[in-house]
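Note sheet for the following structure.
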Protein chains: 2
Amino acid sequence: MMRSIPSVENEIHLMSELQTLPLKAGGTPESLRTRHAMDRTDQSLIAIRRILRSTELYGRKLAKAAGLTAVQIRVLQIVAETGQATPKDIAKRMGVSQATMSSLIDRLSAKKMVERHQSQRDRRQTNVVITQIGRQAVLEAPDALQQKYVKQFESLEDWEQAMIVASLERVAAMLDAEGIDASPVLDIGDLSGRPHS
Amino acid sequence: MMRSIPSVENEIHLMSELQTLPLKAGGTPESLRTRHAMDRTDQSLIAIRRILRSTELYGRKLAKAAGLTAVQIRVLQIVAETGQATPKDIAKRMGVSQATMSSLIDRLSAKKMVERHQSQRDRRQTNVVITQIGRQAVLEAPDALQQKYVKQFESLEDWEQAMIVASLERVAAMLDAEGIDASPVLDIGDLSGRPHS
DNA sequence: CCCGCTGTTTTGCAAGGCTAACTAATAATA
DNA sequence: TATTATTAGTTAGCCTTGCAAAACAGCGGG
């Protein structure tokens, strides 16, 4: 596997693109809000998209390098968190259907990273259990955010870290707002490894 | 798309990658920095994941409602931006291979939203041109980010908007840092149409 | 014992990705 | 001029993720 990294390298220099948009924004008769507010909205959207995009591309790259896809790593992490979980729970947390989860588990189990154990209590349920191999894979899985971001973040001034956290949380809250359940995956982090007590 | 959902679907994948990080962060003997700083790092990562996740799920939903996938909308928007573009350019901007772009264009052209026209200058090149139908679709395409977020953002206090923009840009820069190109798609939004207004 | 629910898996289908291989046209070079 | 590279795009073949719907249990009441 391991194919090489796709065309990630072709880069377009976004900077230039970014600059273009302001003008368009200006097109609207500035009726409702100040020109200022508009620009800021655009700026924030652009920044969010940059975040999404770079995470996506970088993630593809890392996942490939790890021999597991991002989605697979995610499943492994969720399972690793508690040691075992039912397909339904995992599906719910990830926001995918049970059918999808079933095939994901198939693939992971073909790789010997998880095993299915029928539950004793209720034989309809399956417990997905992570294997040693799977646990190892989770530990070694490169983490896009971490690698790219953590060091830089930690080198920031204290006040700036605080500001960023507050802003990101605000944005996340605005996006969640609609009721999409957001969280599931989030806490994952905890499990893995944080010493978490 | 800006407005479109960035490949929301892809994002999904990435999401997963993100998750792991906590552990690693935790792995370090808290020698170098205070527990405080650590928490902030985790908080920021978690918030980013929330952003990624809700964008992804919401995007899937909207794309379905629109009858076009997020990726397709994205292509349309890029083409709409200038009226025409070569497959190669679009692929480059989106960070996918030419082969992938070729099939995307096939699908869009089956829907009569774009047409292929051989270039006169260089007959190896194809110009992908958006049709009236395609243009209409772009205008009507719901935009995940926009719909969920814009209104709320615009209702924030001025200082808060400024803070958020600064923070998001900081984060985006840190993520881009590695050299993954980030933005291309971003500015598209403008054209599509934020109701702007 | 039969019915209805409830977790899972199967089936069948589509989108999006990729690499490799192939075609066509243009550019370079002998 | 003829040959060779390069470049743009498409094709073929494969994989993963997703979903809905149908099929399979297994559990609980009646």
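Chain letters run A, B, ... following the sequence lines, proteins first and then strands; every chain starts at 1. This one's a predicted model, so the numbers in the text were calculated from it and none came from an experiment. Worth knowing before you read on, the calculation uses all heavy atoms, side chains too, and leaves out hydrogens, waters and symmetry mates.
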[X] side chain N/O closer than 4.0 Å to the phosphate oxygens (OP1, OP2) of [N]?
X        : N      : answer
B:Thr100 : C:dC18 : yes
B:Ser102 : D:dT10 : yes
A:Arg107 : D:dT17 : yes

For this session: Give one of base, sugar-phosphate or nothing for A:Thr86, where a contact means two heavy atoms less than 4.0 Å apart.
Result: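 Sugar-phosphate: the residue A:Thr86, judged by heavy atoms under 4.0 Å, touches backbone atoms but no base.
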
For this session: Could you check whether B:Thr126 gets within reach of a base, just the sugar-phosphate, or nothing at all, counting any heavy atom under 4.0 Å?
Result: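 Touches sugar-phosphate only.
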
Exercise. Is there a donor in the side chain of A:Thr86 and an acceptor in the side chain of A:Gln125, or the other way round, less than 3.5 Å apart?
Worked result: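 There is no such pair (donor and acceptor under 3.5 Å, judged by atom type) between the side chains of A:Thr86 and A:Gln125.
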
Heavy atoms from C-beta onward define the side chain here; which of [options] lies closest to that of [X]?
X        : options                : value
A:Thr69  : C:dG7, D:dT16, C:dA15  : D:dT16
A:Val96  : D:dG18, D:dA21, C:dG16 : D:dG18
A:Asp106 : C:dT10, D:dC19, D:dT17 : C:dT10
A:Arg60  : C:dT11, C:dG17, D:dA8  : C:dG17
B:Gln72  : D:dG9, C:dA15, C:dG17  : C:dA15

For this session: Return the minimal non-hydrogen interatomic distance between B:Met113 and B:Ala137, and the atom names on each side.
Result: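 Answer, listing the atom of B:Met113 first, then B:Ala137: CE-CB, 3.7 Å.
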
Problem set entry | Least distance between heavy atoms, A:Gln72 atom then A:Lys111 atom |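 Nearest pair, atom of A:Gln72 first, then A:Lys111: OE1-NZ, 3.3 Å.
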
Exercise. Picking from A:Val79, A:Leu108, A:Thr82, what satisfies side-chain contact (heavy atoms from CB on, under 4.5 Å) with A:Ile130?
Worked result: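 Running side-chain contact (heavy atoms from CB on, under 4.5 Å) over A:Val79, A:Leu108, A:Thr82 with A:Ile130 returns exactly one hit, A:Val79.
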
For this session: Would you sort out whether B:Glu154 and A:Thr41 count as a side-chain hydrogen bond (donor to acceptor under 3.5 Å, both in side chains), showing the intermediate values?
Result: CA-CA 7 Å; B:Glu154 296 188 341; A:Thr41 299; 2.9 Å; yes

Exercise. In Å and rounded to the nearest 0.5 Å, what is the CD1 to CE distance from B:Ile164 to A:Met163?
Worked result: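 Answer rounded to 0.5 Å: 10.0 Å.
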
Problem set entry | Spacing between B:Asn127 atom CG and D:dA8 atom C1', to the nearest angstrom |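 The answer, rounded to whole Å, is 12 Å.
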
Problem set entry | A:Gln98 or B:Arg116, whichever maps to the more 5' nucleotide of DNA chain D |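 In this pair, the answer is B:Arg116.
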
Exercise. How would nucleotides 23-30 of chain D be written as a contact map, 5' to 3', with B for base contact, S for sugar-phosphate-only contact and - for no contact, using protein heavy atoms under 4.0 Å?
Worked result: ---BS---

